[in-house]
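Each remark here refers to the structure printed beneath this line.
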Amino acid sequence: MKDFFPFMEIDKKWQERWEELFRCDLDDTDKKFYCLMMFPYPSGNLHVGHGRNYIIGDALARIKMMEGMNVLAPMGWDSFGLPAENAAIKNKIKPSTWTEDNIANMKRQFAKWGVMYDWSREIASCRPDYYKWTQWLFTQLFKANLAYQEEASVNWCPSCATVLANEQVVGGECERCKSQIELKKLKQWFFRITIYADKLLDDLDILKDWPGRVCTMQRNWIGRSEGVEVAFKLVESDEVLNCFTTRVDTIPGATFIVIAADHPLAEELIKKGWREKEGKSFIEHAKQLRLQEREKTENTKEGFFTGCYAVNPSTGKNIPVFLASYVLMDYGTGVVMGVPAHDQRDFEFVQDSPIEIPVIQVIASSTKEDGELDKAFLDDGIMINSGEYNGLENRVAMEKITDELSAQGLAWRVVHYRLKDWLISRQRYWGAPIPMIHCDSCGAVPVPEKDLPVILPDDVDFMPRGDGKSPLAASDEFVKTICPRCGGDARRDTDTMDTFVDSSWYFLRYMSPNDDEKPFDRDLVNRWLPVNQYVGGIEHAILHLLYSRFIVKFLRDAGHIDFDEPFSNLFTQGMITRNGSKMSKSAGNTVDPNPLIEKYGADTVRVYTLFIGPPEKDAEWNDRSVEGAFRFINRVWRLYEKYNGLFGSSDKECPDPAKLDEDHIEVYRKTQQTIQRVKDDILGGSFHFNTAISALMELTNSLYLYVDENDGFKSGNEDSIALFRYSMKNLVILLSPMAPHICEEIWERTGHGETIFKEGLPVADEKYLRADTYTLVLQVNGKIRSRIDVEKDLDKKDLERRALEDPKIISFIEGKIVRKVITIPGKLVNIVAN
RNA sequence: GCCGGGGUGGCGGAACUGGUAGACGCAGCGGACUUAAAAUCCGCUGGUGCUUAGCACUGUGAGGGUUCAAGUCCCUCCCUCGGCACCA
């Protein structure tokens, strides 16, 4: 078995030695590089899909070390959350035991991959020494008036028995368990993220090294929309309906008003309009409709006339007021002016409206009306049917109308957001208890810092209750307490925090994981952050990344830190699929790395994972192709093993390239090109390990041919052997971030220092990146007709002459007139002839 | 519906700023080694046709266009993946 890399012993040996290598000295920040992987939920087992993330990060950390950077690569556990609780219910063990077991197991898995971290900085969000500070963060937000409690209609997942944030509801279903979400009125804690909406939006522009699509997703999610609110007075009433619109230019065409069926004014209006009974049943009906139609693309637009009228402030006309399901209570003001001629939804609404509503076109492509519209006219154009505004461009009219209505106090400019405040209460057990105390006389009082953490009791029945309360509510011992303000009897808040609160600040804790005086070390954090490179999955594009940005902005404004974006560079790797779908436990298509590592060794699995495709794209896992990576690793090993006698302590340095003949210079040149390609591919910003590896495979192939065919090498010529050693040395250095075990071993066996990762990266000898001659392509009328070898510094004239001398070319242009010759030195000559 | 990514051999994927399409790997075929097989090493490998050491034609989802030259740029369309979706 000498022909195979003996990974069994060697992998382990290096994994132990590297522990020291990854221990980071935080004081040295001259060339700091904070290399962060998203910390995982400790679900028990890592599959090869997770592996991609960590292998990319590990390879990156290693190559950065070789670049001379002081690399901080910490790891921890996002260890609060439902699965622990569910597993615990199922297996009758404590969530903490289940979680800690999984953590231990996953740590072993990382090591087996050769994925190393500075474990002296390990954190776990479920441990009291961590969640103490998550609770501290909550109290800080509360003191800044950024955490508040409110009765609200919230998303309730009946199966998870908890409320969810908007971000966790996908298409009306629970993101986790796919159950239909119900709306429940509950008193809940929110973080006022909306205050930061503009900051979060604007600062996306600073994040130049983030993937564009992540920024786009966040932009859409924040959904900033500038417009105007217009007051529509109700006829025979003092009541006013404020409509939000982004198209106030269409107001002369507003022929009705629609308000959300669940609007607080709805009941009053139907009473006023003497239509209370039917109105109430419509409100019920609209509620049902919303639930049913959530999934549909085509939605009906049913409405109900309230019997009331309002005055269009631009025309002075009375227009009817409707209730309808297509107006959303939780966006804008919940009241909309209906402009059937210029809004498709309003247009559809009037088609089957119970009472006739006029469609008045007020913007047209010319100054004439377009006749009967068959759909809403949405383009910009010229104002018509609009009195004094006729003839103006609609965008100009928009400003004028706004100014004039504003002057009368009937309109004002506003900005609305799609982003809602972040609902953070969860009615589940396995999370950080919300550190608040409810006192009848003092209200909600935060737990003083000296009393933190509020320990999550482990002796409660944590079966979900489904009544809108957390399992903690059942524990008198937990609930009963004393008000920190007045000393009277009081009750603890029994909800726990969304786990995204835990992960919104963890990257600050790695600098001082064991500090029990403060959440993070201000000085160290300011020196080490923002994170130089964050690597993780695209699934966190909105939730985790937006929340973390928010918390960092808050901490900065509160004076705790000096920077306002947590991650200056983000890389989102594609997922690994199997049979075309995402690898997941529930889909049953996961690939366990352990058998693969046992069969082929860690380096093979790493190389295959990196070689599978461009890292930002999804890739299909193929067991068979793993063999190819295995072969490559062993080809490198054999190259060393077969010629190990040639590597002695009396290594002759690389021979002078200027003195190498043609048979040798080719290998020298290939080595220079490989150095350049590997560095460009990985460090050029795109992390293209796949092409870097293929370059290394090419170099390996060249070396095989060299040792097989080069006469000098075969006859033991010293320079020929030195050249081989030189190329091997570079091959091993360049491959080491991807396949660290084998490279470290060869490095050691060939008489080098303690670790290859303290060896600097080689610099390519630029003079030799290009060959002395190259193949010039000769085309006639754009078709390749011949190829000739030419010296690299021939000028255009020479190249053209050579092309026209070529016998094949001559035969193609014979009898034709040469009209034009295009010469691109280094590439081709194209002769246009007819 | 809107926004964004993508579509290249049997497969995963290369291709700089428009300039040799298919690097590298998998699978396949042939050869060397072997009693034999595996492993290994070397070579071939997009398709079609022919007068087959070669040559020609064709080929990057479809159709048009720009250009001496298009996988790459422009227009129209199809498919696919992801995000948002009655947001006023």
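Protein chains get the first letters and strands the later ones, always in sequence-line order, with residue 1 at the start of each.
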Within residues 821-834 of chain A, those residues having any heavy atom closer than 4.0 Å to RNA chain B are A:Ile822, A:Ile824, A:Lys827, A:Leu828, A:Asn830, A:Val832
Quick note, A:Ile784 side chain, CB onward, closest among B:U20, B:G25, B:A88 is B:U20
What interatomic distance, in whole Å, is found between P of B:C26 and the corresponding atom of B:U76? 43 Å
Distance between P atoms of B:G61 and B:G12 (Å, rounded): 14 Å
Summary of protein contacts for nucleotides 9-15 of chain B, nucleotide by nucleotide, where a base hit scores B, a sugar-phosphate-only hit scores S (4.0 Å, heavy atoms): ---BSS-
Which part of the nucleic acid, if any, lies within reach of A:Gln344 when heavy atoms closer than 4.0 Å are counted: base, sugar-phosphate only, or nothing? nothing
Please encode protein proximity along nucleotides 43-53 of chain B as a string of B, S and -, counting only heavy-atom distances under 4.0 Å. S----------
Any side-chain heavy atom of A:Met728 within less than 4.5 Å of one from A:Leu731? yes
Residue mapping more 5' on RNA chain B - nearest nucleotide basis, A:Glu627 or A:Arg247: A:Glu627
CE of A:Met329 versus C1' of B:C86: gap in Å, rounded? 16 Å
Between B:A69 and A:Lys820, is there an OP1 or OP2 to side-chain N/O distance shorter than 4.0 Å? no
When the P atoms of B:C11 and B:U60 are considered, how many whole Å apart are they? 15 Å
A:Ile612 CD1 to A:Ser625 OG distance, which is reported to the nearest 0.5 Å: 8.0 Å
What's the closest nucleotide to the side chain of A:Arg787 if the choices are B:G4, B:U20, B:A88? B:U20
Between A:Asp249 (CG) and B:A88 (C1'), how many Å, whole number? 13 Å
Taking only the side-chain heavy atoms of A:Arg624 (C-beta and beyond), determine which of B:C26, B:C84, B:A88 contains the nearest atom. B:C26
Report yes if the distance between the aromatic ring centroids of A:Phe4 and A:Trp637 is under 6.0 Å, otherwise no. no
Hydrogens and angles aside, do A:Gln676 and A:Gln672 bring a side-chain donor and acceptor to less than 3.5 Å of each other? no
Looking at B:C24, B:G19, B:C86, which one has an atom nearest to any side-chain atom of A:Lys301? B:C86
Looking at residues at least two apart in the chain, or sitting in another chain, which of them share a ring-ring contact (aromatic ring centres under 6.0 Å, His included) with A:Phe349? A:Phe256, A:Phe322, A:Tyr326
Could you work out, with ring-ring contact (aromatic ring centres under 6.0 Å, His included) as the rule, every residue matching A:Trp621, not counting sequence neighbours? A:Tyr608
RNA chain B in dot-bracket, Watson-Crick or G-U pairs under 3.5 Å, [ ] crossing, | other strand? (((((((..(((......[....))).(((((.......))))).(((((...)))))..(((((..]....))))))))))))....
Residues two or more places apart in sequence or in another chain: which of them pass ring-ring contact (aromatic ring centres under 6.0 Å, His included) with A:Tyr417? none
Sticking with atom P, work out how far B:G82 lies from B:C29, rounded to a whole angstrom. 37 Å
Sequence neighbours left out, what passes side chain to side chain donor-acceptor pair (under 3.5 Å) with A:Asp249? Give chain and number order. A:Arg247, A:Asn394
Interatomic distance at P, B:A69 relative to B:A15, whole Å: 26 Å
In whole Å, what separates the C1' atom of B:U8 from that of B:G59? 10 Å
Within less than 4.0 Å of OP1 or OP2 of B:C57, is there a side-chain N or O belonging to A:Arg785? yes
Please tabulate the protein-to-nucleotide N/O contacts below 3.5 Å involving nucleotides 39-41 of chain B, giving atom names and distances.
from: B:U40; atom 1: O3'; to: A:Arg638; atom 2: NH2; distance (Å): 3.4
from: B:C41; atom 1: OP1; to: A:Arg635; atom 2: NH1; distance (Å): 2.9

Checking understanding here: a glycosidic angle within 90° of 0 is syn, the rest anti, so what is B:U80? anti
For a 4.5 angstrom cut-off between non-hydrogen side-chain atoms, does A:Arg802 reach A:Glu791? yes
Just how far, in rounded Å, is P of B:A88 from CZ of A:Phe322? 22 Å
Do A:Asn730 and A:Thr671 have a side chain donor and acceptor closer than 3.5 Å? no
Between atom CE in A:Met337 and atom P in B:C86, what is the gap in whole Å? 20 Å
Any idea if B:G9 is syn or anti, going by the 90°-from-0 cut? syn
Rounded interatomic separation in angstrom, taking NZ from A:Lys816 and P from B:C68: 17 Å
Working for side-chain hydrogen bond (donor to acceptor under 3.5 Å, both in side chains), residues A:Asp806 and A:Ser786: CA-CA 8 Å; A:Asp806 185 73; A:Ser786 182; 3.0 Å; yes
Restricting to pairs with a member in residues 770-781 of chain A, which pass side-chain hydrogen bond (donor to acceptor under 3.5 Å, both in side chains), not counting sequence neighbours? A:Thr775-A:Asp789
In whole angstrom, give me the gap between the P atoms of B:A53 and B:U58. 22 Å
What is the distance, to the nearest angstrom, from the CD1 atom on A:Ile693 to the C1' atom on B:G25? 11 Å
Quick one: closest heavy-atom pair of A:Pro614 and A:His688, and the distance? CB-NE2, 4.1 Å
Could you tell me whether A:Asp330 contacts a base, only the sugar-phosphate backbone, or nothing, with contacts defined as non-hydrogen atoms closer than 4.0 Å? nothing
Donor-acceptor pair between A:Arg418 and A:Asn220 side chains, under 3.5 angstrom: no
Scan the side chains in residues 825-834 of chain A for donor-acceptor partners under 3.5 Å anywhere in the protein, sequence neighbours excluded, and list what turns up.
from: A:Asn830; atom 1: OD1; to: A:Gly782; atom 2: N; distance (Å): 3.0
from: A:Asn834; atom 1: OD1; to: A:Arg819; atom 2: NE; distance (Å): 2.7
from: A:Asn834; atom 1: OD1; to: A:Arg819; atom 2: NH2; distance (Å): 3.2

List for me each residue that meets salt bridge (charged side-chain N to carboxylate O under 4.0 Å, His left out) alongside A:Arg801, sequence neighbours excluded, and say none if there are none. A:Asp798, A:Glu805
Does a side chain donor of either A:Tyr706 or A:Glu666 reach within less than 3.5 Å of an acceptor in the other side chain? no
Say we look at B:U17 and B:C73: how far apart would their P atoms be, to the nearest angstrom? 10 Å
Under 3.5 Å side-chain donor-acceptor pair for A:Thr577 and A:Asp618: no
When you measure from the side-chain N and O atoms of A:Asn220 to the phosphate of B:G4, is any distance below 4.0 Å, counting only OP1 and OP2? no
Residue mapping more 5' on RNA chain B - nearest nucleotide basis, A:Thr775 or A:Gly782: A:Thr775
Gap between atoms CH2 and P, on A:Trp621 and B:G25 respectively (whole Å): 18 Å
Rounded to whole Å, please give me the gap between CG in A:Leu696 and P in B:G25. 12 Å
Indicate, with yes or no, if the rings of A:Phe244 and A:His416 have centres closer together than 6.0 Å. yes
